[in-house]
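FYI, side chains are in, hydrogens and waters are out, and symmetry mates aren't considered; it's all heavy atoms of this structure.
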Amino acid sequence: VQLQASGGGAVQAGGSLRLSCATSGRTFSSYVMGWFRQAIGKEREFVATISWGGRRKDYALSVKGRFTISRDNAENTVYLQMNNLKSEDTAIYYCAARTNGVSGAVYARDYEYDVWGQGTLVTVSS
């Protein structure tokens, strides 16, 4: 399984970006997917997660109401729509897959994921 994140870039505060994470696995529909981020000098932190079928989602408090995670199982892709971006959202964003999760589950801890993408940089200027 390989994950390829894209869509990062530079944007002004208040702007929007949509991140994508394309997955090579043939059983993508049974992966729990997540987004994490790591700012310079800080630890990696949870951003959002989505269950197999997309019905269940969870978000970090810092992004709730501004970010939306979604998935297209036909395209083997998970998305992170980021609106009203703030300077504190500046970080490298990583997508991750839990390939042995259970239906309906979501996971918010990085050690619960077994496959990681390479990251995409988001820079928000104020």
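Phe36 and Ala108 get closest at one heavy-atom pair: CE2-O, 3.8 Å. Smallest separation of non-hydrogen atoms from Ala13 and Ser126: CB-CA, 4.1 Å.
Within a 6.0 Å sphere centred on CD of Gln12, other residues, nucleotides and ligands contribute 12 heavy atoms or fewer.
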Can you list the steps and then say if Lys86 with Arg66 is a side-chain contact (heavy atoms from CB on, under 4.5 Å)? CA-CA 10 Å; Lys86 304 177 181 180; Arg66 300 188 298 121; 3.7 Å; yes
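Clustering ILVMFWY residues whenever any of their side-chain heavy atoms sit less than 4.5 angstrom apart, transitively, puts Val115 in a cluster other than the one holding Tyr107. Hydrophobic clustering (side-chain heavy atoms under 4.5 Å, transitive across Ile, Leu, Val, Met, Phe, Trp, Tyr) keeps Tyr79 apart from Val32. Linking ILVMFWY residues whenever their side-chain heavy atoms come closer than 4.5 Å, directly or via other members, leaves Phe46 and Val106 in distinct clusters. Linking Ile, Leu, Val, Met, Phe, Trp and Tyr whenever their side-chain heavy atoms come within less than 4.5 Å puts Ile50 and Val63 in one cluster.
Qualifying side chain to side chain donor-acceptor pair (under 3.5 Å) partners for Thr99, counting only residues two or more places apart in sequence or in other chains: Asp114. When the side chain to side chain donor-acceptor pair (under 3.5 Å) test is applied to Tyr113, the partners found at least two apart in sequence or on another chain are Thr49.
Stacking of Arg71 on the aromatic ring of Phe28 is recorded, both the 6.0 Å distance cut-off and the 45° axial limit being met.
Within the structure, salt bridge (Lys or Arg N to Asp or Glu O under 4.0 Å) pairs that include any residue of residues 8-17 do not occur (at least two apart or interchain).
Taken to the nearest 0.5 Å, the CG atom of Leu19 stands 3.5 Å off from the CE atom of Met82. Distance CD/Gln2 to SG/Cys21: 11.5 Å, rounded to 0.5 Å. Rounded to the nearest 0.5 angstrom, Ser24 OG and Gln4 CD are separated by 10.0 Å. The CG atom of Asn83 sits 10.5 Å away from the CG atom of Asp89 when rounded to the nearest 0.5 Å. Once rounded to the nearest 0.5 Å, the distance linking CH2 of Trp35 with SG of Cys95 reads 4.5 Å. The distance from atom CE of Met33 to atom CG of Asn73, rounded to the nearest 0.5 Å, is 10.0 Å.
The shortest side-chain heavy-atom distance between Asn100 and Tyr31 does not fall under the 4.5 Å cut-off.
Side-chain contact annotation: Thr23 with Asn76, donor-acceptor N/O pair under 3.5 Å absent.
Under the 3.5 Å distance criterion, the side-chain polar atoms of Thr120 are matched with a main-chain donor or acceptor of Gly8. Side chain of Gln118 to main chain of Ala5: a donor-acceptor pair is present (N/O by atom type, distance under 3.5 Å, no hydrogens or angles). Not a single donor-acceptor pair under 3.5 Å links the side chain of Arg18 to the backbone N or O of Gln81. Judged by distance alone, the side chain of Arg44 and the main-chain N or O of Gln38 form no donor-acceptor pair under 3.5 Å. Using modelled atom types, one side-chain atom of Arg56 and one backbone atom of Gly104 make a donor-acceptor pair closer than 3.5 Å. With hydrogens and angles ignored, the 3.5 Å screen pairs a side-chain donor or acceptor of Lys57 with a backbone N or O of Ile69. Put simply, the side chain of Thr77 gets close to the backbone of Glu75: a donor and an acceptor are under 3.5 Å apart. With hydrogens and angles ignored, the 3.5 Å screen pairs a side-chain donor or acceptor of Thr90 with a backbone N or O of Val124.
None of Leu17, Val47, Thr68 except one satisfies the side chain to side chain contact (heavy atoms under 4.5 Å, CB included) rule with Leu80; the exception is Val47.
The aromatic rings of Trp116 and Tyr94 lie perpendicular to each other, with more than 60° between the two planes, well past the 30° mark.
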